[in-house]
2 protein chains.
Amino acid sequence: MRLTTKGRFAVTAMIDVALYGTNGPVTLAAVSERQKISLSYLEQLFGKLRRHGLVESVRGPGGGYHLARGTETVSVADIILAVDEPIDATQCGGAENCHDDRRCMTHELWAGLNEHIFTFLRSVTLAELVRQQQQKADVVVLKDHRGPAAAPRTPESAAR
Amino acid sequence: MRLTTKGRFAVTAMIDVALYGTNGPVTLAAVSERQKISLSYLEQLFGKLRRHGLVESVRGPGGGYHLARGTETVSVADIILAVDEPIDATQCGGAENCHDDRRCMTHELWAGLNEHIFTFLRSVTLAELVRQQQQKADVVVLKDHRGPAAAPRTPESAAR
DNA sequence: TTTTAGTTGACTAATCTACTCGGGAATAGG
DNA sequence: CCTATTCCCGAGTAGATTAGTCAACTAAAA
C-alpha cells in the first residue's frame with residue numbers, strides 16, 4: 001500500500017466520473033479540463049482502472065468512461081491498488097532471508113501496519129467522497145463566493 | 001502525507017531503538033545489522049529524526065541514539081513526517097489557480113482525505129507497534145502456544 | 001592518543017512520476 | 001464510405017525520489 005499523488009489523481013478522476021457520469025459516459029478530455037490532469041496521463045490511469053474492472057469504456061463519438069460498479073462498492077483502496085499496482089517492501093521480500101535473527105520484525109510489522117492502513121482506505125467508499133464533494137459544492141454555491149481563500153477550516157495544516 | 005518505503009524504514013528503525021534501547025543508546029551499526037538497512041542510509045534518516053526531536057544522540061564509544069520522547073507520545077505520523085518532509089500535492093498548490101471552475105474539488109477533497117489518513121496514522125503510537133512486535137516475538141519463542149500471550153514475557157526489555 | 005560513533009556534505013545508479021508523442025482501432029453521424 | 005470523435009497502446013523522457021556510497025570531520029571514552 002503506497003500513497004502518492006498518482007493514486008490521488010486516480011481517485012480524483014473517479015470522483016469526477018461519478019459526479020458527471022449520471023447521463024452518459026464521461027470523456028477523459030472533460031475530466032482533464034475540470035481536474036487539470038494531463039489527458040495522456042489520464043489515459044494511462046484509466047487503462048489500469050479499466051483492466052481492474054473499476055470503469056468501462058465506450059468508444060467512438062459520444063463515448064467515454066463510466067463506472068463499472070456502484071459508488072458504494074468502490075473503495076479508495078481499490079482505486080489506489082489499481083494504479084499503484086504491486087509494491088510490498090518488506091526487507092525479506094516475502095519469506096526466505098530472515099536468516100539467523102528470528103526477530104526480523106520488518107515483515108510481520110509492515111504486514112500489520114499495511115493491513116491497518118489498507119483496512120482504513122477500504123472503509124472509505126467512492127460514494128462517501130462524492131457525497132462529501134457534493135456537500136462542499138453546495139456550500140460554495142450557496143455562499144456565492146468564488147476563490148478558495150474563504151475556507152472556514154484549514155485542513156491543509158494537517159497535510160504538512 | 002506520503003507513504004513510501006522510506007517512512008517504513010524510519011518506523012522500523014525507531015521500533016528497533018525502542019526495543020533495544022532500554023539500557024543505553026543503540027548504535028546505528030546495530031540497527032543496520034538487525035534490520036538490514038544500510039548504515040549510511042540510516043545516518044541520513046536519523047539526522048532528520050534528530051532534527052525533528054524524535055531521537056537524541058550520544059557521541060563517542062558507548063554512544064548511539066535513544067528516543068527523545070516516550071513511545072506513547074510518538075506516532076507513526078510523526079516519524080513519517082520527519083523523514084518525508086513537505087509534500088502536499090493538491091493541484092492548485094494551496095490556493096490560487098483554481099481559476100474559473102469554482103468546483104476545483106481537488107483541494108478540499110485531498111485536504112479531507114489527507115486529514116483522515118493523517119489522523120489515523122497519528123493514532124498509531126510507537127508504543128503500540130513495539131507491544132505488537134513483542135507479542136509476535138513471544139509467539140515465535142513460545143512456538144505452538146497461541147493466544148494473547150497472557151504472561152508478559154519480555155526478553156530483555158524491562159519496558160517500564 | 002586511539003577508537004568509537006555521530007555529523008555533514010557531495011555524489012550516484014536505479015527507479016518512479018508525470019508527463020508527451022505518435023500511431024492505432026472502434027464507432028456514430030453525415 | 002468518410003470523417004470526426006474517442007478510447008487504446010507503446011515508446012520515450014525530464015525531473016524528482018530512493019537508496020544508497022564515500023570521504024572527511026567532530027566529540028567523547030578508554
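Excluded from the calculations below are hydrogen atoms, water molecules and symmetry mates; all remaining heavy atoms, backbone and side chain alike, are included. In what follows, chains are A, B, ... by sequence order, proteins preceding strands, each numbered from 1.
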[N] [atom2] sits how many Å from [X] [atom1], rounded?
X       : N      : atom1 : atom2 : result
B:Arg51 : C:dG9  : CZ    : C1'   : 11 Å
A:Glu56 : C:dT27 : CD    : P     : 14 Å
B:Arg50 : C:dG6  : CZ    : C1'   : 8 Å
A:Arg8  : C:dT17 : CZ    : P     : 12 Å
A:Leu42 : C:dT20 : CG    : P     : 10 Å
B:Gln35 : D:dA19 : CD    : C1'   : 17 Å
B:Leu3  : D:dT17 : CG    : P     : 16 Å
B:Leu39 : C:dG6  : CG    : P     : 8 Å

Using a 4.0 Å heavy-atom cut-off, does [X] contact any base of the nucleic acid, only the sugar-phosphate backbone, or nothing at all?
X       : value
A:Gly64 : sugar-phosphate
B:Gly47 : nothing
B:Thr27 : sugar-phosphate
A:Tyr65 : sugar-phosphate
A:Val55 : nothing

*Relative to B:Tyr65, does B:Arg50 satisfy both conditions: NZ or CZ under 6.0 angstrom from the six-membered ring centre, and within 45 degrees of the ring's axis?*
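No; the conditions do not both hold, so B:Arg50 does not lie above the ring face of B:Tyr65.
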Which one, [options], comes nearest to the side chain of [X]?
X       : options                : result
B:Ser40 : D:dT18, D:dT21, D:dA19 : D:dT21
A:Arg2  : C:dT8, C:dT17, D:dC9   : C:dT17
A:Arg59 : D:dA29, C:dA25, D:dG12 : C:dA25
A:Ser38 : D:dG20, D:dC9, C:dT20  : C:dT20
A:Asp84 : C:dT17, D:dT18, C:dC19 : C:dT17

*Hey, does A:Thr125 have a side-chain heavy atom less than 4.5 Å from the side chain of A:Thr73?*
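A:Thr73 does not reach A:Thr125 side chain to side chain.
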*Go through the structure and list residues passing salt bridge (Lys or Arg N to Asp or Glu O under 4.0 Å) with B:Arg69, not counting sequence neighbours.*
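Residues passing salt bridge (Lys or Arg N to Asp or Glu O under 4.0 Å) with B:Arg69: B:Asp78.
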*Using atom types as modelled and distance alone, determine if a side-chain donor or acceptor of A:Thr12 lies under 3.5 Å from a backbone N or O of A:Arg8.*
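Yes; at least one donor-acceptor contact below 3.5 Å.
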_Quick check: closest heavy atoms across B:Leu45 and B:Ala10, and the distance to 0.1 Å?_
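Between these two residues, the closest heavy atoms are CD1-N, 4.3 Å.
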_Shortest non-hydrogen contact from A:Thr27 toward A:Gly63_ =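 Of all heavy-atom pairs spanning A:Thr27 and A:Gly63, the closest is CG2-O, 3.5 Å.
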*asked:* When you measure from the side-chain N and O atoms of B:Thr4 to the phosphate of D:dT17, is any distance below 4.0 Å, counting only OP1 and OP2?
replied: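 Indeed not, no polar side-chain atom of B:Thr4 lies that close.
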_I want to confirm an ordering. Mapping B:Leu28 and A:Tyr41 to their closest nucleotides on DNA chain C, which one lands closer to the 5' end?_
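First, find each residue's nearest nucleotide; the 5'-ward one identifies B:Leu28.
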*Starting from the 5' end of DNA chain C, give me the residue, B:Gln44 or B:Val26, whose nearest nucleotide shows up first.*
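Mapping each residue to its closest nucleotide by heavy atoms, the 5'-most match is B:Val26.
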*Closer to the 5' end of DNA chain D via nearest nucleotide, is it B:Glu43 or B:Gly62?*
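With B:Glu43 and B:Gly62 compared, the 5'-side residue is B:Glu43.
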